[in-house]
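Any value given below was found using the heavy atoms of this structure, including those in side chains, with hydrogens, waters and symmetry copies removed. Letters A, B, ... are given to chains in the order of the sequence lines, protein chains preceding strands, and every chain is numbered from 1.
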Number of protein chains: 2
Amino acid sequence: MQAVPQSRIQRRNRAAISEAALDVFSRQGFRGATLDEIASEAGLSKPNLLYYYKSKEAIYQQLLTGVLSTWLDPLRDLDPQGDPVEQILNYVRRKLDLSREMPRESRLFANEVLRGAPLVGDHLNGELRALVDEKAALIEAWAADGRIAAVSGRHLIISVWAETQHYADFDVQVRAVMGSGDPMAGAAQHLERLFRRLIEV
Amino acid sequence: MQAVPQSRIQRRNRAAISEAALDVFSRQGFRGATLDEIASEAGLSKPNLLYYYKSKEAIYQQLLTGVLSTWLDPLRDLDPQGDPVEQILNYVRRKLDLSREMPRESRLFANEVLRGAPLVGDHLNGELRALVDEKAALIEAWAADGRIAAVSGRHLIISVWAETQHYADFDVQVRAVMGSGDPMAGAAQHLERLFRRLIEV
DNA sequence: CGTCGATTTGACCAGATGGTCAAACAAAGA
DNA sequence: TCTTTGTTTGACCATCTGGTCAAATCGACG
């Protein structure tokens with residue numbers, strides 16, 4: 001990704017397209033989304049949209065790649081020097097914040113993985129796997145030192161993903177079950193409790 | 001649903017269609033799936049398929065309804081008379097077994113909810129909500145009696161869903177992260193630990 | 001066998017969809 | 001103003017997709 005210089009107009013339109021595409025792709029998935037809907041939501045004609053991105057897949061790819069790195073930031077920041085319990089609980093908090101603030105991105109990713117991750121499979125088996133290897137080892141080192149309870153690093157990380165992303169991805173279901181009021185209410189408390197109990201010695 | 005008498009041929013073909021449709025819908029989602037693919041996987045021609053089901057949506061609906069009740073069985077069986085901790089842990093176990101044995105059904109449902117549950121929204125706000133109301137109350141009664149730790153019944157149930165379904169729905173991701181060997185290995189232990197620690201007084 | 005209802009299929013259709021292209025239009029500098 | 005470059009669009013296309021239909025084929029039973 002090099003920073004190609006862009007005119008004012010280019011920047012505006014590309015941004016509008018990304019925004020519209022995120023909306024549509026996250027709701028409908030890749031195959032369910034249509035260029036017409038994206039174009040119309042971006043306030044452009046379809047040919048005009050294709051003037052900025054060479055294909056439907058190109059837009060999708062770009063969104064996905066953008067999300068991926070954001071998504072891993074909180075895990076990347078797990079600090080070997082910090083207090084183990086605080087580090088992990090903070091990881092959970094930041095991940096939950098992401099779900100709260102970027103539910104569309106979360107669903108975009110969920111849709112992709114559900115399909116079998118045809119476009120990000122390599123990334124999963126490369127970058128993601130490497131990062132998890134590293135951080136799982138860190139967690140297990142903490143456990144071995146008796147600074148947190150014995151726990152599988154990989155499964156702990158998976159649990160954090162499962163719990164936090166569920167609130168974004170299955171929003172409709174959560175909403176149905178939580179009744180009126182903010183469905184997110186209490187989620188933070190609940191997860192803090194859950195993970196604290198899991199890892200505290 | 002009444003039991004319409006069916007010929008041998010009808011039973012065989014309807015079963016083949018259901019099986020093929022489950023496969024395709026769970027991988028591609030509703031919009032991504034095509035009648036051609038389903039028909040071909042069922043070993044029938046497309047018009048022949050439409051002789052048995054009147055539309056794409058009809059097949060989908062039927063699958064979804066079938067899954068829904070199975071999906072709630074374990075929760076339904078939470079027994080007020082049983083030992084609280086054992087009841088909840090057993091619920092987790094059965095839910096994880098479902099994920100292990102019926103990953104396609106899990107993904108089918110996940111796809112539907114991700115889309116905003118257009119076809120099962122009513123079910124979620126009706127049957128599901130009622131059941132969760134009842135069981136969440138039960139859990140919180142146990143908590144109030146000091147038989148398990150204080151915990152939100154609704155959030156506990158959501159956690160069970162999140163944790164167990166994640167292994168089926170995001171299989172590709174789990175597999176990438178868990179490295180070689182059975183990705184499910186250790187999941188049961190981990191979840192047992194996690195939920196035991198969460199609810200034990 | 002012959003008949004009648006159940007089953008299967010090839011041909012077809014209308015609408016949607018991703019994508020192309022040449023022409024029209026705007027912007028900005030010379 | 002003229003020219004050049006960047007931007008936008010209407011018309012169009014090939015393909016895919018859900019669905020129809022009349023005709024052909026099959027199967028069971030008298």
Review point. For B:Ala39, which contact category applies under a 4.0 Å heavy-atom criterion: base, sugar-phosphate, or nothing?
Key: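 Answer is nothing: B:Ala39 stays at 4.0 Å or more from every strand.
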
Check your understanding: What does B:Ala33 touch in the nucleic acid at a heavy-atom separation under 4.0 angstrom: a base, only the sugar-phosphate, or nothing?
Key ->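 Sugar-phosphate, backbone atoms only, no base.
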
Check your understanding: Between B:Glu127 and B:Arg76, does at least one N-O distance fall below 4.0 Å, as a salt bridge requires?
Key ->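 The answer is yes: the pair qualifies as a salt bridge.
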
Point to revise | Salt bridge present between B:Arg107 and B:Glu112 (N-O < 4.0 angstrom) | key: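 The answer is no: the pair does not qualify as a salt bridge.
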
Check your understanding: Would you say the side-chain atoms of A:Arg115 pair up with the backbone N or O of B:Gly29, donor to acceptor, closer than 3.5 Å?
Key ->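 No, because the side chain of A:Arg115 does not come within donor-acceptor range (under 3.5 Å) of the backbone of B:Gly29.
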
Point to revise | Donor-acceptor side-chain pairing of A:Gln10 and A:Tyr52 below 3.5 angstrom | key: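 Not at all, the side chains of A:Gln10 and A:Tyr52 share no donor-acceptor pair under 3.5 Å.
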
Review point. When you check the side-chain N and O atoms of A:Ser159 and B:Glu163, is any donor under 3.5 Å from an acceptor?
Key: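 Their side chains do contain a donor-acceptor pair, which is all the 3.5 Å distance test asks for.
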
Could you check if a side-chain atom of [X] sits within less than 4.5 angstrom of a side-chain atom of [Y], using non-hydrogen atoms only?
| X | Y | result |
| --- | --- | --- |
| B:Gln165 | B:Lys95 | yes |
| A:Met178 | A:Met184 | no |
| B:Arg154 | B:Asp133 | yes |

Point to revise | Interface limits on DNA chain D, where chain A has a heavy atom under 4.0 Å of a nucleotide atom | key: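 With heavy atoms of chain A under 4.0 Å away, the range is D:dG6 to D:dT17.
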
Check your understanding: CG of A:Leu50 versus P of C:dG19: gap in Å, rounded?
Key ->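 Value for this atom pair: 6 Å.
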
**Study point:** Separation of C:dT17 P from A:Lys56 NZ (nearest whole Å)
**Key:**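 Checked: the NZ to P distance equals 9 Å.
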
Short heteroatom pairs, N/O only, protein and nucleotides 3-9 of chain C, under 3.5 Å:
| from | atom 1 | to | atom 2 | distance (Å) |
| --- | --- | --- | --- | --- |
| C:dT7 | OP1 | B:Ser7 | OG | 2.9 |
| C:dT7 | OP2 | B:Gln10 | NE2 | 2.7 |
| C:dT7 | OP2 | B:Tyr51 | OH | 2.9 |
| C:dT8 | OP1 | B:Asn13 | ND2 | 3.4 |
| C:dT8 | OP2 | B:Asn13 | ND2 | 3.1 |
| C:dT8 | OP2 | B:Asn48 | OD1 | 3.2 |
| C:dT8 | OP2 | B:Asn48 | ND2 | 3.4 |
| C:dT8 | OP2 | B:Tyr52 | OH | 2.6 |
| C:dT8 | O5' | B:Asn48 | ND2 | 3.2 |
| C:dT9 | OP2 | B:Ser45 | OG | 3.3 |

